[in-house]
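Worksheet: the structure to be examined is printed underneath.
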Protein chains: 2
Amino acid sequence: MKKYEMILQDLEEKIKNKTYQENDLLPSENELVKIYDASRATIRQALKIMEEKGLIQKQKGRGSVVIASSKLNFPISGLTSYRELQDSLGFKSETEVIKFEKITVDSELAALTLLEIGTPVWYIIRTRKIDGEAVVLDTDFVKYDICPDMTKDDVAYSLYDYLEKQLKIEISFAQKEITIDFINNEDREQLDLNPLDRHIVSVKSHVFLNDASVFQYTESRHQVDKFQFTEFARRQKR
Amino acid sequence: MKKYEMILQDLEEKIKNKTYQENDLLPSENELVKIYDASRATIRQALKIMEEKGLIQKQKGRGSVVIASSKLNFPISGLTSYRELQDSLGFKSETEVIKFEKITVDSELAALTLLEIGTPVWYIIRTRKIDGEAVVLDTDFVKYDICPDMTKDDVAYSLYDYLEKQLKIEISFAQKEITIDFINNEDREQLDLNPLDRHIVSVKSHVFLNDASVFQYTESRHQVDKFQFTEFARRQKR
DNA sequence: CAGTGGTCTAGACCACAAG
DNA sequence: TTGTGGTCTAGACCACTGA
């Protein structure tokens with residue numbers, strides 16, 4: 001393991017431990033240099049990541065404050081898959097695979113997915129049940145060439161788990177869009193919706209690999225009262 | 001201006017210019033060292049920021065690819081205020097200040113805002129109109145001590161503009177939560193809602209200063225069909 | 001004032017991608 | 001094999017904070 005990762009891990013542990021408490025200052029960078037026998041640049045790399053994660057807030061001339069994140073409810077934000085989310089919250093959940101087939105991108109689909117016309121893709125539709133109630137409808141288009149041997153069972157568990165852990169594919173970033181759409185016939189068919197509801201939350205994502213190519217397009221449709229999205233956001237300097 | 005900021009600005013300009021086109025590789029870090037007469041660490045600092053902004057994707061052993069962001073619709077994400085959003089989209093918008101008064105945080109409000117009981121705060125309610133239609137209802141609690149001289153006119157234009165540009169307050173980060181709530185009486189009163197709608201999008205934010213203290217709590221309630229949220233998210237390594 | 005984090009330099013070795 | 005980005009070092013000066 002890299003040195004800055006070890007330092008990072010140790011500092012995170014000590015924050016969980018309450019060795020460093022909320023609103024305390026961490027040891028100064030120069031002290032951390034001595035503690036971990038590392039250069040200041042290496043220490044700063046670890047601290048940078050902690051700042052991005054929302055664990056500390058650095059202040060020039062003062063030090064690094066441990067952020068009172070326990071006051072805040074939730075992991076923090078980012079690109080999180082359904083299973084990870086459920087695991088972290090401890091809900092019982094099931095996935096039903098409605099459709100699992102190989103198709104080819106046509107012109108209409110190309111505009112939606114940003115994949116090129118003619119690209120073979122897996123076309124996957126799944127419902128997600130929590131406590132027996134179908135609350136999420138997922139539609140996925142995944143580049144076939146990346147994962148030709150994928151099976152129905154793999155996607156029933158977790159698509160991301162299969163791609164990242166089994167195939168060691170490196171997912172790099174995603175562009176997401178959240179909007180509120182009208183409920184359509186398929187939503188009614190597949191989900192357990194309140195008859196009075198007219199709307200559904202739609203989360204559309206383009207997911208990219210390390211080489212900056214699109215490899216997946218997903219739409220997740222969530223029952224409105226089961227939906228929650230949290231984000232830790234740093235203010236952009238312009 | 002700092003050296004890495006100048007390099008950053010120049011590279012961003014050259015991407016907008018199409019000097020460096022989408023899916024092209026930037027010059028290598030060692031070439032950039034020569035071009036800008038800087039150390040590699042300084043070059044890397046500029047590139048790091050570009051990667052975080054979603055402008056480039058770095059690849060070990062290959063180089064830095066310019067991301068095809070023009071395929072994607074929208075600025076990118078982050079903590080964005082209403083006026084900035086409207087400016088960037090070129091909509092005509094008006095703000096009406098419904099309430100603007102000084103109150104003191106009681107125990108109920110303390111739990112909501114994470115401010116301490118007894119803290120004096122500005123209590124502000126505003127509606128946002130686009131093309132004459134009231135679509136957003138904002139409720140703000142802002143620490144009074146930070147901005148005692150604030151006026152109704154300041155918040156009618158833009159709260160963030162006043163705090164950041166006039167008072168030079170440095171907003172550091174925010175924790176946001178998006179949920180779908182039931183429409184309440186105040187929503188009906190203040191917003192131009194479809195009578196058939198039962199739900200509204202609620203965006204709740206705790207906003208923090210550089211010293212990691214809460215200084216504002218905001219709830220924005222958006223008419224469902226006018227709401228859109230986009231995010232550029234990098235995959236977290238665990 | 002002393003100590004902090006922010007910026008910058010010049011060098012080094014490594015793992016990885018591509019030809 | 002060559003060149004890339006990733007990691008790491010040892011040093012330096014600066015602007016800022018708080019006593």
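Below, chains carry the letters A, B, ... as their sequence lines are ordered, and counting in each starts from 1. The figures that follow rest on heavy atoms only: side chains count, while hydrogens, waters and symmetry mates do not.
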Donor-acceptor pairs are to be reported for all side-chain atoms of residues 38-45 of chain A against protein atoms at under 3.5 Å, with residues two or more places apart or in another chain.
{"residue": "S39(A)", "atom": "OG", "partner": "T42(A)", "partner atom": "N", "Å": "3.4"}
{"residue": "S39(A)", "atom": "OG", "partner": "T42(A)", "partner atom": "OG1", "Å": "3.2"}
{"residue": "R40(A)", "atom": "NE", "partner": "E29(A)", "partner atom": "OE1", "Å": "2.9"}
{"residue": "R40(A)", "atom": "NH2", "partner": "E29(A)", "partner atom": "OE1", "Å": "3.0"}
{"residue": "R44(A)", "atom": "NH1", "partner": "E29(A)", "partner atom": "OE1", "Å": "3.4"}
{"residue": "R44(A)", "atom": "NH1", "partner": "E29(A)", "partner atom": "OE2", "Å": "3.1"}

By ring pair (Phe, Tyr, Trp, His ring centres under 6.0 Å), which residues pair with F100(B), not counting sequence neighbours?
W122(B)
How do P27(B) and A41(B) order along DNA chain D: which one's closest nucleotide is nearer the 5' end?
P27(B)
Qualifying salt bridge (charged side-chain N to carboxylate O under 4.0 Å, His left out) pairs with a residue from residues 139-154 of chain B, counting only residues at least two apart or across chains
R126(B)-D140(B)
Quick one: side chain to side chain donor-acceptor pair (under 3.5 Å) pairs with a partner in residues 99-116 of chain A, sequence neighbours left out?
none
For DNA chain C, which nucleotides open and close the run of contacts to chain B, 5' to 3', at under 4.0 angstrom from a non-hydrogen atom?
dT7(C) to dA18(C)
Pair up each side-chain donor or acceptor in residues 30-37 of chain A with any protein partner under 3.5 Å, not counting sequence neighbours, and list the distances.
{"residue": "E31(A)", "atom": "OE1", "partner": "S28(A)", "partner atom": "N", "Å": "2.9"}
{"residue": "Y36(A)", "atom": "OH", "partner": "D10(A)", "partner atom": "OD2", "Å": "2.5"}

Please give, in whole Å, the distance from dG5(D) P to E51(B) CD?
12 Å
Suppose we screen for ring pair (Phe, Tyr, Trp, His ring centres under 6.0 Å). Which residues come up paired with Y217(A), at least two apart in sequence or across chains?
H206(A)
Do we see a donor-acceptor contact under 3.5 Å between the side chains of T179(B) and E177(B)?
no
Classify D37(A) by what it touches in the nucleic acid, base, sugar-phosphate, or nothing, heavy-atom distance under 4.0 Å.
sugar-phosphate
Residues which pass side-chain hydrogen bond (donor to acceptor under 3.5 Å, both in side chains) with E12(A), listed by chain and number, not counting sequence neighbours:
K53(A)
Sequence neighbours excluded, which residues qualify as ring pair (Phe, Tyr, Trp, His ring centres under 6.0 Å) partners of Y4(A)?
none
Go through residues 28-36 of chain A and report each residue with a non-hydrogen atom lying under 4.0 Å from DNA chain C, sorted by number.
S28(A), E29(A)
Nearest whole angstrom, please: distance from the C1' of dG3(D) to the CZ of R40(B).
11 Å
Mind listing the N/O atom pairs, protein and nucleotides 14-19 of chain D, below 3.5 Å?
{"residue": "dT17(D)", "atom": "O4'", "partner": "G61(A)", "partner atom": "O", "Å": "3.4"}

Restricting to ring pair (Phe, Tyr, Trp, His ring centres under 6.0 Å), what partner residues turn up for Y162(B), sequence neighbours left out?
none
